[in-house]
Participant: 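Sharing a structure here in structure tokens format.
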Number of protein chains: 2
Amino acid sequence: MAGLRERKKARTHAAISDAAIALFLDRGYDQVSVAEVAEAAEVSKRTVFAYFPAKEDLVVHRFADHEAEQARVVRGRPPGTGPLTALRDHFLAGLRDRDPVTGLNDVPQILALTRMVRETPALRTRAVRFQEGAGKALAQALRETAGVPELTARLAATQVVAVHWLLSMDNHRALADGQSADDRFSAALADADHAFAVLAEGLAGYL
Amino acid sequence: MAGLRERKKARTHAAISDAAIALFLDRGYDQVSVAEVAEAAEVSKRTVFAYFPAKEDLVVHRFADHEAEQARVVRGRPPGTGPLTALRDHFLAGLRDRDPVTGLNDVPQILALTRMVRETPALRTRAVRFQEGAGKALAQALRETAGVPELTARLAATQVVAVHWLLSMDNHRALADGQSADDRFSAALADADHAFAVLAEGLAGYL
DNA sequence: TGCAAAAGTACACCGGGTGCAAGAAAAAGC
DNA sequence: GCTTTTTCTTGCACCCGGTGTACTTTTGCA
């Protein structure tokens, strides 16, 4: 099925990304030029941009799959379960599984990569843009599967995405400060529980 | 007090910004280079960057004052008023006053500028970053004046800022589609009321 | 009026990103 | 197997945003 052409393309794609990430982790994102990445991947600079629309994508394309994750969760929730419950349970499960998107993964490579995204403005910006996409998809899922009016759906989606991001950043920061994922786990659970409770019950009871 | 030096600087600052915005509104942000702005303002390109750290700031510096607005509202609320109530009332008052930050201002210049910010990725990104700052300031205000624990404060701040943005984008879109501010007003009020109610009472009751 | 500090300028440079045209390689047709 | 055609890659020149630097001009003040 996969012609030689496709396989080669896939290999080149991976080679470029791998070379880029290795260099970035070694010397820092801003300290590595695309030209250097091209050289390391034994490809021309022009080809790098043929595979990746922008420098940031050399890193963030790895997270692209998760853009529609929350929408999927809402769509695939067991009948009788509220969307918010499903989203919370999914996040809690992610914590237990040390899913990188929860920020609770202390595998050095992943930790370093996450830190890079967090600390490099250009990458953070790109990550934020992914969240906008996630929010839109989630809002649509809420509208279609829970019969929620549009404004409410967008509101809820925005909040869920923001909470998700906030929690994962907190977890990541704890790990970046030296805590192990196992050490952080219970606090991460508590924080997530609290955050989703606030979301469900409203701010009125907490302010 | 204002020496000649300072006055001249202020004038140059304004001249550059004015020239830039005029050009941008005329031909589009991306279609105008900084060199052209410099030329129009009768200044060297280097001087433009002496006054504005980046091209985007030629536009967004005008919004910079509002970064701490929500924090101010929380800090200055009348005793006995909850922070969320104060924030809602302030937003509703902004709608009545056609405050541009609510998106409900149809003065052509302002409308065009807002539209530009909304539609130009680089500018939107910069605007989002301002919101991060607003969120941080608001979280701190909540912590200090309402005795809210840190996580809750950051959570609440993030949500308030997000809601604010969402509402103003909706209003702006309505006006951009040709509605007058007066026509949109009642729907804007209703939307804001609803959004703040969801925020206060939680998503559980709405999903 | 003379002088130090501040502001503005010219210029060379870097890095991200694109358009283009020509060359290399794979796929399709015979 | 060979040609033709399509797709990929490359090198090159170029644009634009942004910065370092060294030089000239302006301004405040003694």
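Here is how names work: the chains are called A, B, and so on, in the same order as the sequence lines, proteins then strands, and each is numbered from 1.
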Participant: Short of 4.0 Å, heavy atom to strand atom, which residues of residues 31-41 of chain B count as contacting DNA chain C?
Facilitator: none
Participant: Under a plain distance cut-off of 3.5 Å, with no hydrogens placed, do B:T145 and B:R77 share a side-chain donor-acceptor pair?
Facilitator: yes
Participant: Check the distance between C:dA7's C1' and B:R11's CZ and give it to me in whole angstrom.
Facilitator: 14 Å
Participant: Check whether the side chains of A:H90 and A:E69 place a donor and an acceptor atom closer than 3.5 Å, and report yes or no.
Facilitator: yes
Participant: What is the distance, rounded to the nearest whole Å, between atom NZ of B:K9 and atom P of D:dT26?
Facilitator: 17 Å
Participant: To the nearest Å, give me how far apart NE2 (B:H13) and P (C:dA7) are.
Facilitator: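 Going from B:H13 (NE2) to C:dA7 (P), I get 14 Å.
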Participant: Do the side-chain N or O atoms of A:K8 get closer than 4.0 angstrom to the phosphate oxygens (OP1, OP2) of D:dC8?
Facilitator: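 No, outside the criterion.
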Participant: In terms of the angle between their ring planes, are A:F91 and A:H164 parallel, tilted or perpendicular, with boundaries placed at 30° and 60°?
Facilitator: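 The rings of A:F91 and A:H164 stand perpendicular, inter-plane angle above 60°.
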Participant: Is there a donor-acceptor pair under 3.5 Å between the side chain of B:E36 and the backbone N or O of B:S33?
Facilitator: yes
Participant: Strictly below 4.0 Å, N to O, side chains only: are A:D65 and A:R72 in salt-bridge contact?
Facilitator: no
Participant: I'd like to know if B:D106 pairs up with B:R98 as an ion pair, taking the criterion as any Lys NZ or Arg NE/NH1/NH2 lying under 4.0 Å from an Asp or Glu carboxylate oxygen.
Facilitator: no
Participant: Quick check on contacts: within residues 42-62 of chain A, what sits under 4.0 Å from DNA chain D by heavy-atom distance?
Facilitator: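 Only A:V43, A:S44, A:R46, A:T47, A:Y51 qualify.
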Participant: Regarding A:K45 and A:E39, does a basic nitrogen lie under 4.0 Å from an acidic carboxylate oxygen?
Facilitator: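 Looking at A:E39 together with A:K45, the answer is no, because their closest N to O distance does not fall below 4.0 Å.
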Participant: For A:H66 and A:F130, I'd like to know if the aromatic rings sit close, meaning centre-to-centre distance below 6.0 Å.
Facilitator: no
Participant: Between C:dG16 atom P and A:D30 atom CG, what is the distance in whole Å?
Facilitator: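 Rounding to the nearest Å, CG of A:D30 and P of C:dG16 are 9 Å apart.
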